[in-house]
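Taking it in order: structure first as structure tokens, then the write-up.
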Amino acid sequence: IYYGKRMINWCPHDLTSVSDLEVDYEEVQGTLYHVRYPGADGGEGIVIATQRPETILADVAVAVHPEDPRYRHLVGRQVIVPIVDRPVPVIADARVDPEFGTGALKITPGHDPLDNEIGAAHGLPTLIVLDESGRMTAETGKYAGMDRFEARPVVAADLSTLGLIVREEPYMTSVGRCERCQTVLEPYITDQWFVRMRELAEPAVRAVREGKVRFHPERWTKVYLDWMENIRDWNISRRLWWGHQIPVWHCPACREMVASREHPERCPKCGHAPLRQEEQILDTWFSSGIWPFATLGWPKDTPDLRYFFPTDVLITDRGIIFLWVARMIMFGLEFMGQIPFTDVYIHSTVLTLEGKRMSKSLGTGIDPLEMMDQRGYGADALRFALILRSSQSQQDLRFGEKMLDDVRNFNNKIWNIARFVRMNLEGFDPAREAASVAGPPARGGRDLSSINRWILSRYTRTVREVTRNLEDFEFDKVARILYDFIWGTYADWYVELAKVDLFGQPGDGARRHAQWTLWTVLEGMMRLLHPIMPHITEEVWQLLPHTGESIMVSPWPESPEAWIDDEVERVVDRLIAVIHAIRSLRADLGVDAKAAIAPVLQAPDGEGRRVLEAMSRYVVARTRARDLTFLAPDASPPARAAATLADGVEIFLPVGAGEIERIRGRLTQELSRLEDELARVDSRLGNADFLRRAPTQVVEVERKRQGDLTERREVVRRHLAALA
RNA sequence: GGGCGGUUAGCUCAGUGGGAGAGCGCAUGCUUCACACGCAUGAGGUCGCAGGUUCGAAACCUGCACCGCCCACCA
């Protein structure tokens with residue numbers, strides 16, 4: 001850390017320095033004045049361009065590019081600064097851009113950072129014409145006391161009167177404003193504390209390069225490294241009330257400074273007392289940088305510090321990667337000798353529906369407590385919505401209250417599923433069932449019926465997907481997978497099918513199998529969902545039979561290989577396709593909702609028929625069928641029937657004569673769709689290049705599709721012919 | 001000036017080399033024994049534009065347009 005007079009961003013309103021990272025830049029329309037500085041020898045002199053004529057009074061030189069042929073002859077000569085009539089040298093410096101303005105730059109080391117640098121390099125004096133409040137100083141004569149923006153047009157007018165304004169042009173420029181008060185900042189020279197960053201940054205760069213700290217998503221790594229590798233010294237002193245006061249004491253006698261944890265009695269150099277503590281405080285982000293260990297008792301060696309430092313994951317917004325994340329990594333390495341965390345997860349930035357960033361100071365934010373309590377959405381809904389909608393690609397998230405409706409409904413769905421399962425668990429003892437009746441289903445075993453093994457298989461795959469995506473920090477995918485599985489698979493299909501076993505007459509064994517499976521899967525789903533919806537999952541879990549005190553400390557669900565059953569998935573998927581096709585046909589035909597139907601099924605083979613027949617009670621129940629008939633694979637289809645095809649199974653629904661035209665229309669449309677698709681596949685398979693270059697698996701898929709489409713086309717043609 | 005992200009159904013967004021998806025909204029029908037904050041069925045898209053690579057592009061490359069963010073001492 002070093003101390004000295006340096007040019008920093010100064011807020012003339014708050015009277016404090018401001019970090020480079022806390023400046024808000026804004027494009028504004030300004031004026032670029034071309035001003036002539038006459039030669040001291042009575043010659044033409046040189047024309048400079050400036051947006052800030054009021055700083056002309058502090059000019060100490062005019063600089064040009066050393067190679068600039070227009071001005072080479074002037075270098076070393078003197079020109080006269082207008083208004084103050086001060087002779088100053090024309091100097092050459094490569095930092096001047098000959099392309100900009102007139103190619104001649106007035107040098108004002110007291111009020112411009114670049115000029116300050118050039119001035120120092122050339123040993124030029126520094127003049128000050130603006131005070132800490134941005135007003136013209138007492139030495140500026142008629143301008144004394146004017147605000148900088150007030151003085152600007154006055155100086156310009158005076159230059160004009162002197163005939164020295166060659167040109168004025170409108171010019172877009174960016175001004176830096178104070179993040180706190182929006183006052184235009186002023187480059188200003190004061191006593192400041194700085195941290196030399198190079199040594200701190202180097203190990204922090206290495207930690208990320210070597211993968212000891214990983215960013216998610218990965219692209220933020222580059223953002224971090226680019227900044228760290230071009231890091232500049234950090235001005236850490238602030239003239240504000242709140243913060244850590246800098247622990248340095250000044251000796252008023254010998255001017256010595258001493259850094260100390262305790263207040264020193266007297267000056268260690270000259271013995272003078274009392275000493276005066278530095279008034280300035282540390283930049284708030286300097287204090288925040290020590291957060292990972294300072295909050296745990298550091299510098300004392302506490303049990304908390306030993307246990308919780310370093311931690312695993314930091315979740316934050318991209319807006320503070322430099323301000324906070326980088327500083328924590330640097331300080332962790334500096335003070336603790338370790339990285340403070342291994343993974344940095346950068347979440348989406350929440351926007352309003354209009355696309356504005358939500359923030360308190362902009363007044364664009366919403367109050368999460370209001371959303372949870374007053375609007376009645378609850379904490380789980382808010383949490384789930386934000387996770388569901390925040391994509392891994394880290395698209396900004398436009399938040400509308402409407403998206404909470406979706407999740408509130410999901411919440412409600414879960415609650416009702418739980419109610420349903422609970423009210424159907426009477427007489428069910430999971431401990432006994434697990435040991436005897438149900439037990440873990442063996443692959444291919446027949447101890448649980450198909451639909452139970454089907455949902456267990458799907459559930460097991462879900463456990464694996466959820467686990468993998470959590471480990472990959474793909475939280476939005478986790479939320480989506482669980483939403484789809486719980487609502488689309490478990491509630492919409494499994495619960496509906498299980499009702500047949502619960503309420504029908506297939507026997508007590510089937511009922512107990514259904515109970516065991518409903519409970520097992522629901523209980524597991526709650527554990528999977530718990531990280532995203534902690535409250536409702538705990539509530540539901542407590543209402544179900546369970547072991548352990550809280551879902552929070554229950555083990556993560558397992559995914560036994562034996563529960564995955566490809567064959568039973570194929571079979572039940574076909575059942576579902578058949579049910580869906582019958583409903584679709586029924587709706588298409590406008591069959592009255594209360595009317596019973598009598599579908600006729602024709603499976604492609606005996607085995608398919610046998611399996612479907614075994615599950616026919618599900619079809620009957622879920623389609624409100626009165627009866628279900630199976631045709632032999634080679635039997636001719638019924639005449640006067642609407643027909644459709646589901647996963648190879650032909651479905652017929654006898655209809656009255658009045659419906660024939662409608663059915664013909666439907667089939668004709670279907671036929672033309674099939675023919676279009678088949679034409680595409682045919683042309684692809686007819687392409688020699690495709691056959692030669694495409695991977696064999698892809699060609700195989702196309703061949704199979706061609707076969708399927710051809711078969712389906714034949715079936716539809718047959719159905720059409722049967723209508724004639 | 002440099003960099004990054006985005007542009008897919010009316011809205012909010014998934015989908016990274018082989019058959020365009022979800023939720024909401026919309027249409028139609030349902031007080032079916034958990035849920036109308038629900039159930040069922042369905043309609044809806046030249047995947048920003050122009051080139052290129054490839055047997056094949058919403059996806060890969062180049063350029064452009066528009067939206068957003070970050071960085072930068074051009075007076």
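Proteins come first, then strands; the chains are lettered A, B, ... in the order of their sequence lines, and each starts at number 1.
- Every residue two or more places apart in sequence or in another chain that forms a salt bridge (charged side-chain N to carboxylate O under 4.0 Å, His left out) with A:D20 is listed here: A:R232.
- Of all nucleotides present, only B:rC39 satisfies the Watson-Crick or G-U wobble test against B:rG29, with each distance under 3.5 Å.
- Protein atom CG of A:N411 is 17 Å distant from nucleotide atom P of B:rC35, rounded to whole Å.
- Rounded to an integer number of Å, the gap from A:R408 CZ to B:rC37 P is 8 Å.
- Going from the C1' atom of B:rA57 to that of B:rC24 covers 30 Å, rounded to whole Å.
- Across all strands shown, B:rC73 remains unpaired; no Watson-Crick or G-U wobble contact has both distances below 3.5 Å.
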Mark up nucleotides 69-75 of chain B, 5' to 3', with B wherever a protein heavy atom is under 4.0 angstrom from a base atom, S wherever such an atom reaches only the sugar-phosphate, and - elsewhere. S-S-BBB
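- Below 30°, between 30° and 60°, or above 60°: for A:F322 and A:W227 the angle between ring planes is below 30°, a parallel geometry.
- Base pairing annotation: B:rG68 forms a Watson-Crick or G-U wobble pair with B:rC4, both donor-acceptor distances under 3.5 Å.
- The salt bridge (charged side-chain N to carboxylate O under 4.0 Å, His left out) check on A:R468 picks up nothing, with sequence neighbours excluded.
- B:rU32 atom P lies 15 Å from atom CG of A:N416, rounded to whole Å.
- No option in A:L585, A:L589, A:D588, A:L653 other than A:L589 meets the side-chain contact (heavy atoms from CB on, under 4.5 Å) test with A:I663.
- The partner of B:rA34 is absent, by the rule that a Watson-Crick or G-U pair needs both atom distances under 3.5 Å.
- Distance CG (A:L351) to C1' (B:rG5): 12 Å, rounded to an integer number of Å.
- Within 4.0 Å of A:V495, counting heavy atoms only, lies at least one base atom of the nucleic acid.
- By the 6.0 Å and 45° rule, A:K413 does not stack over the aromatic ring of A:Y483.
- When rounded to the nearest whole Å, the span between CD1 of A:I536 and P of B:rC35 equals 15 Å.
- Base pairing of B:rA22: its partner is B:rU12, meeting the Watson-Crick or G-U wobble criterion (both donor-acceptor distances under 3.5 Å).
- OP1 or OP2 of B:rG19 lies within a sub-4.0 Å distance of a side-chain N or O belonging to A:R705.
- Considering only side-chain atoms of A:K413, the nucleotide from B:rA34, B:rC4, B:rA40 that sits closest is B:rA34.
- Nucleotides B:rC61 and B:rG42 have their C1' atoms positioned 40 Å apart, rounded to a whole Å.
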Under 3.5 Å between N/O atoms: give me all the protein pairs with nucleotides 42-45 of chain B, atom names plus distance.
unit_1, atom_1, unit_2, atom_2, d
B:rG42, OP1, A:S584, OG, 2.7
B:rG42, OP2, A:H580, NE2, 3.4

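- Using the Watson-Crick or G-U wobble rule with both distances under 3.5 Å, B:rA50 pairs with B:rU62.
- Counting non-hydrogen atoms of neighbouring residues, nucleotides and ligands closer than 6.0 angstrom, the CD atom of A:E539 reaches no more than 12 such neighbours.
- With sequence neighbours excluded, the residues forming a side-chain hydrogen bond (donor to acceptor under 3.5 Å, both in side chains) with A:H535 are A:D380, listed by chain and number.
- B:rA34 atom P lies 13 Å from atom CG of A:L425, rounded to whole Å.
- Aromatic ring centres of A:F215 and A:W220 lie farther apart than the 6.0 Å criterion allows.
- B:rG6 and B:rC74 have their P atoms separated by 28 Å, given to the nearest Å.
- With rounding to whole Å, A:Y490 atom OH is found 16 Å from B:rC35 atom P.
- Residues A:N424 and A:K222 each lie close to RNA chain B; by heavy-atom proximity, the contact nearer the 5' end of the strand is made by A:K222.
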Sequence neighbours left out, cut at 3.5 Å: what donor-acceptor pairs do the side chains of residues 99-111 of chain A make with other protein atoms?
unit_1, atom_1, unit_2, atom_2, d
A:T102, OG1, A:V47, O, 2.5
A:T102, OG1, A:A104, N, 3.2
A:K106, NZ, A:T55, OG1, 2.7
A:K106, NZ, A:D59, OD1, 2.9
A:K106, NZ, A:T108, OG1, 2.9
A:T108, OG1, A:D59, OD1, 2.6
A:H111, NE2, A:V129, N, 2.9
A:H111, NE2, A:L130, N, 3.4

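- Contacts of A:L74 classified as side-chain contact (heavy atoms from CB on, under 4.5 Å), with partners at least two apart in sequence or in another chain: A:I46, A:Y71, A:V90.
- Taking atom C1' on both nucleotides, B:rG5 is separated from B:rU41 by 40 Å, rounded to a whole Å.
- Within 4.0 Å of A:A491, counting heavy atoms only, lies at least one base atom of the nucleic acid.
- Heavy-atom neighbours of A:E711 CD from other residues, nucleotides or ligands within 6.0 Å: at or below the threshold of 12.
- Taking only side-chain nitrogens and oxygens, A:K499 comes nearer than 4.0 Å to OP1 or OP2 of B:rA34.
- Nucleotides B:rG52 and B:rA40 have their P atoms positioned 47 Å apart, rounded to a whole Å.
- Only the C1' atoms considered, B:rA58 is 32 Å distant from B:rG1, to the nearest whole Å.
- Qualifying side-chain hydrogen bond (donor to acceptor under 3.5 Å, both in side chains) partners for A:R6, counting only residues two or more places apart in sequence or in other chains: none.
- Rounded to whole Å, the separation between the C1' atoms of B:rC69 and B:rU62 comes to 24 Å.
- Within the structure, salt bridge (charged side-chain N to carboxylate O under 4.0 Å, His left out) pairs that include any residue of residues 677-691 of chain A comprise A:R684-A:E702, A:D689-A:R692 (at least two apart or interchain).
- The pair A:E465-A:K477 fails the salt-bridge criterion, with no side-chain N (NZ, NE, NH1 or NH2) lying under 4.0 Å from an Asp/Glu carboxylate O.
- With sequence neighbours left out, A:N416 forms a side-chain contact (heavy atoms from CB on, under 4.5 Å) with A:N412, A:R419.
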Counting primed atoms, P, OP1 and OP2 as sugar-phosphate and everything else as base, the B/S/- map of nucleotides 53-58 of chain B against protein heavy atoms under 4.0 Å is --B---
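- When only modelled atom types and interatomic distance are considered, A:E474 and A:H216 share no side-chain donor-acceptor pair under 3.5 Å.
- Atom C1' of B:rA59 sits at a distance of 14 Å from the matching atom of B:rA14, rounded to the whole Å.
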What protein N or O atoms touch nucleotides 20-29 of chain B N or O atoms at under 3.5 angstrom, if any, and at what distances?
unit_1, atom_1, unit_2, atom_2, d
B:rG23, O2', A:D406, OD2, 2.9

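- Rounded to whole angstrom, the span from the CG atom of A:L674 across to the C1' atom of B:rG19 amounts to 13 Å.
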